[in-house]
Amino acid sequence: MSENAIPLPVFQFQVNFDKESINFSEVSGLNIEYEPITYKHGLSYKGEIQHIPGNRTPVKITCKKGIAHKSEALIEWIKTVQLNQVEKKVVTISMLDETGENELITWTLNNAFPTKLEGPSFNAGSNEVAIETIELIGDKLSLEHK
């Protein structure tokens, strides 16, 4: 079996916000999607309905991470939205090789800003890590194989 036929593991990845790296345990929503447009010719009884691609839909990604002491970068970023001075960033999510040093595939989300920051659920009978979730929206997602 050739090296290109081996599926890549999903546990080695890196997330950067304008080149500032933040460690996340999970990232989802890396979707490129277009709204379909249904087209009927004026003489629709003579032809079939056609579907053509329309506008790209906004990209919405979700990132989850454990809360650490003095990790305020995400809180400060969402405050820019609250103050109506939103700071849009370029977010890159890179899948890394087995060593964790070389980028294999990179998704780039342009003009991203946070739309939701969710704190952890507390449970006195649990010993799980406190997880915070941030949801982002951006204009365009591009994909690059290295």
Side-chain angles (χ1 to χ4, degrees), residues 3-4 6-42 44 47-146:
E3 186 177 312
N4 292 337
I6 300 171
L8 299 171
V10 296
F11 62 86
Q12 291 276 27
F13 65 95
Q14 174 181 327
V15 182
N16 291 314
F17 294 85
D18 281 345
K19 300 188 181 182
E20 176 188 351
S21 184
I22 298 180
N23 295 325
F24 288 95
S25 59
E26 185 179 333
V27 175
S28 62
L30 299 174
N31 303 321
I32 298 173
E33 189 175 345
Y34 293 89
E35 295 176 10
I37 297 173
T38 303
Y39 174 77
K40 285 184 181 181
H41 188 275
S44 61
E48 296 183 14
I49 295 174
Q50 295 179 358
H51 294 90
I52 56 176
N55 294 329
R56 273 189 173 197
T57 59
V59 181
K60 298 175 184 176
I61 66 170
T62 302
C63 303
K64 295 181 179 185
K65 73 177 201 67
I67 297 176
H69 292 289
K70 298 185 181 183
S71 62
E72 298 180 10
L74 299 179
I75 294 169
E76 292 303 318
W77 191 21
I78 203 161
K79 282 182 182 178
T80 68
V81 176
Q82 294 171 352
L83 298 172
N84 203 20
Q85 298 173 342
V86 65
E87 182 182 343
K88 293 185 177 183
K89 297 184 179 188
V90 174
V91 178
T92 58
I93 300 98
S94 300
M95 180 179 279
L96 306 174
D97 65 4
E98 300 82 26
T99 66
E101 296 180 11
N102 300 311
E103 296 178 357
L104 301 174
I105 304 171
T106 300
W107 290 262
T108 303
L109 180 60
N110 291 310
N111 294 322
F113 64 93
T115 58
K116 180 179 180 182
L117 181 64
E118 183 178 330
S121 297
F122 295 105
N123 181 347
S126 173
N127 64 352
E128 295 177 0
V129 173
I131 300 290
E132 70 181 343
T133 303
I134 187 163
E135 293 181 6
L136 308 171
I137 191 166
D139 296 338
K140 181 181 176 186
L141 185 69
S142 58
L143 178 65
E144 178 185 0
H145 289 265
K146 304 283 179 166

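Computation of the quantities below employed the complete heavy-atom set of this structure, encompassing side-chain atoms and omitting hydrogens, waters and symmetry-equivalent molecules.
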Discussion item. Run the side chain to side chain contact (heavy atoms under 4.5 Å, CB included) test on V15 and I22 for me, step by step, so that the C-alpha distance in whole Å, both residues' side-chain angles and the decisive distance to 0.1 Å come before the verdict.
Written reply: CA-CA 6 Å; V15 182; I22 298 180; 5.6 Å; no
Worksheet item: Considering the options V129, L74, N23, which one meets the side chain to side chain contact (heavy atoms under 4.5 Å, CB included) requirement together with K65?
Response: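 Of all the options given, the one that passes is L74.
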Gap between atom [atom2] of [Y] and atom [atom1] of [X] - 0.5 Å precision:
X: Q12; Y: E101; atom1: CD; atom2: CD; answer: 9.5 Å
X: E33; Y: T57; atom1: CD; atom2: OG1; answer: 4.0 Å
X: I137; Y: K60; atom1: CD1; atom2: NZ; answer: 5.0 Å
X: I78; Y: L117; atom1: CD1; atom2: CG; answer: 5.0 Å
X: L109; Y: K140; atom1: CG; atom2: NZ; answer: 11.5 Å
X: E135; Y: S28; atom1: CD; atom2: OG; answer: 8.5 Å

Worksheet item: If only atom types and distance count, is the side chain of S25 paired as donor or acceptor with the main-chain N or O of K64 below 3.5 Å?
Response: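 It does hold such a pair.
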Are side-chain heavy atoms of [X] and [Y] found at a separation under 4.5 Å?
X: L104; Y: K146; value: no
X: T62; Y: T133; value: yes
X: I32; Y: R56; value: yes

Worksheet item: Could you walk me through whether L141 and L30 pass the side chain to side chain contact (heavy atoms under 4.5 Å, CB included) check?
Response: CA-CA 8 Å; L141 185 69; L30 299 174; 4.2 Å; yes
What pairs of donor and acceptor atoms, side-chain ones from residues 87-96 against any protein atom, are under 3.5 angstrom apart with sequence neighbours left out?
{"residue": "S94", "atom": "OG", "partner": "T106", "partner atom": "OG1", "Å": "3.2"}

Considering all heavy atoms, the nearest [X]-[Y] contact:
X: V27; Y: C63; result: CG2-SG, 4.1 Å
X: I37; Y: P53; result: CD1-O, 4.3 Å
X: P114; Y: I134; result: CB-CD1, 3.7 Å
X: P120; Y: I67; result: CD-CD1, 3.5 Å
X: I61; Y: G29; result: CG2-O, 3.4 Å

Practice prompt. Mind jotting down which residue pairs meet the ring pair (Phe, Tyr, Trp, His ring centres under 6.0 Å) criterion with at least one end in residues 75-122? Sequence neighbours excluded, please.
Written response: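 Applying ring pair (Phe, Tyr, Trp, His ring centres under 6.0 Å) to every pair that reaches into residues 75-122, excluding sequence neighbours, yields F17-W77.
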Fill in: Atom NZ of K19 with >12 non-hydrogen neighbours under 6.0 angstrom
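No, because the 6.0 Å sphere around NZ of K19 holds 12 heavy atoms or fewer from other groups.
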Worksheet item: Crowded around E76 CD? As in, over 12 foreign heavy atoms under 6.0 Å?
Response: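 Yes, because the 6.0 Å sphere around CD of E76 holds more than 12 heavy atoms from other groups.
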